[in-house]
Amino acid sequence: PQLADQKTLAKQIYEAYLKNFNMNKAKARTILTGKTSTPPFVIHDMETLQLAEQTLVAKMVGSAGALKDREAEVRIFHCCQCTSVETVTELTEFAKSVPGFSSLDLNDQVTLLKYGVYEALFAMLASSMNKDGLLVAYGSGFITREFLKSLRRPFSDMMEPKFQFAMKFNALELDDSDLALFVAAIICCGDRPGLVNVAHIERMQESIVQVLQHHLLANHPDDTFLFPKLLQKLADLRQLVTEHAQLVQEIKKTEDTSLHPLLQEIYRDMY
Amino acid sequence: LKEKHKILHQLLQNSTSPVDL
């Protein structure tokens with residue numbers, strides 16, 4: 001009976017993942033390996049960026065709006081924020097579908113999202129990355145790693161650590177069913193600062209982590225150390241988010257750019 | 001905490017909520 005419960009939980013979480021996220025690893029890999037009829041538009045310099053802005057991301061950049069005359073770095077930063085806000089919205093819906101999450105104290109739900117969404121976002125971002133670049137605009141564009149590196153500082157420091165993490169993370173060859181459980185485990189984490197009902201969340205976390213462990217053994221029988229490797233990735237993601245939050249604070253201080261109110265809420269008093 | 005995280009709180013309470021920049 002316990003195994004049946006675990007399988008049900010794994011299935012519920014996987015279904016919630018497929019339902020709530022616009023992009024997933026299977027979709028991203030199909031595009032990145034050239035198996036789609038129309039390949040993504042490659043953004044590799046200022047000219048191709050402008051072309052992409054006129055077509056793919058016109059809505060995001062607001063081509064007729066306030067950002068039209070701003071420098072490329074600011075426009076790209078704004079696009080990153082739009083994508084982050086969308087993913088946070090998707091992650092919130094996903095979290096609500098994880099059994100037990102919605103019955104938690106509302107303050108604890110807020111805390112789990114505040115600390116979990118960026119870790120989850122960077123774990124999932126790896127699915128859309130390869131060593132040369134990143135899928136953007138729902139997979140219709142591909143922005144190269146070299147172009148992102150060539151931007152002026154501090155914007156050039158934004159994505160490179162995510163690529164470095166992604167290359168190591170992608171080497172683990174997780175599929176969407178593994179990622180669904182991994183993302184759920186990131187969100188339902190009992191040691192976030194300020195949690196009220198720690199015991200309740202720890203129980204949830206324990207069942208998700210147990211399901212993840214069994215799922216990995218069944219889904220990757222040749223990689224017996226995959227589970228401990230993934231636990232290490234949780235620590236790496238925490239570090240990645242800490243550094244990212246510091247960089248965003250620096251950009252906010254030194255650059256004339258706005259930060260979306262939702263992201264401001266998340267970053268405020270984070271670490 | 002809810003007061004400091006009004007949008008997160010709103011996202012948690014509503015089924016779908018467009019968050020415009």
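Each chain gets a letter, A, B and so on, in the order the sequences are listed, and its residues count up from 1.
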Taking every non-hydrogen atom, the tightest pair across K4(B) and D269(A):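 Nearest pair, atom of K4(B) first, then D269(A): NZ-OD2, 3.9 Å.
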Give the minimum heavy-atom separation between L106(A) and H9(B), together with the two atoms involved.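 Of all heavy-atom pairs spanning L106(A) and H9(B), the closest is CD2-NE2, 3.0 Å.
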For S102(A), which atoms come within 4.5 Å of any heavy atom of chain B: side chain, backbone, both, or neither?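 Interface part for S102(A): neither.
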From [atom1] ([X]) to [atom2] ([Y]), nearest 0.5 Å:
X	Y	atom1	atom2	value
L112(A)	L8(B)	CG	CG	11.0 Å
N14(B)	E93(A)	CG	CD	9.0 Å
N107(A)	H5(B)	CG	NE2	10.0 Å

Using a cut-off of 6.0 Å, state whether more than 12 heavy atoms not belonging to E71(A) lie near its atom CD.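 Atom CD in E71(A) is packed in, count exceeds 12.
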With a 6.0 Å cut-off (strictly less than), is the heavy-atom count around CZ of R152(A), excluding the residue itself, greater than 12?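 Check passes, neighbour count above 12.
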Identify which one of V88(A), L263(A), L262(A) satisfies the side-chain contact (heavy atoms from CB on, under 4.5 Å) criterion when paired with I7(B).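 Only match with I7(B) under side-chain contact (heavy atoms from CB on, under 4.5 Å): L262(A).
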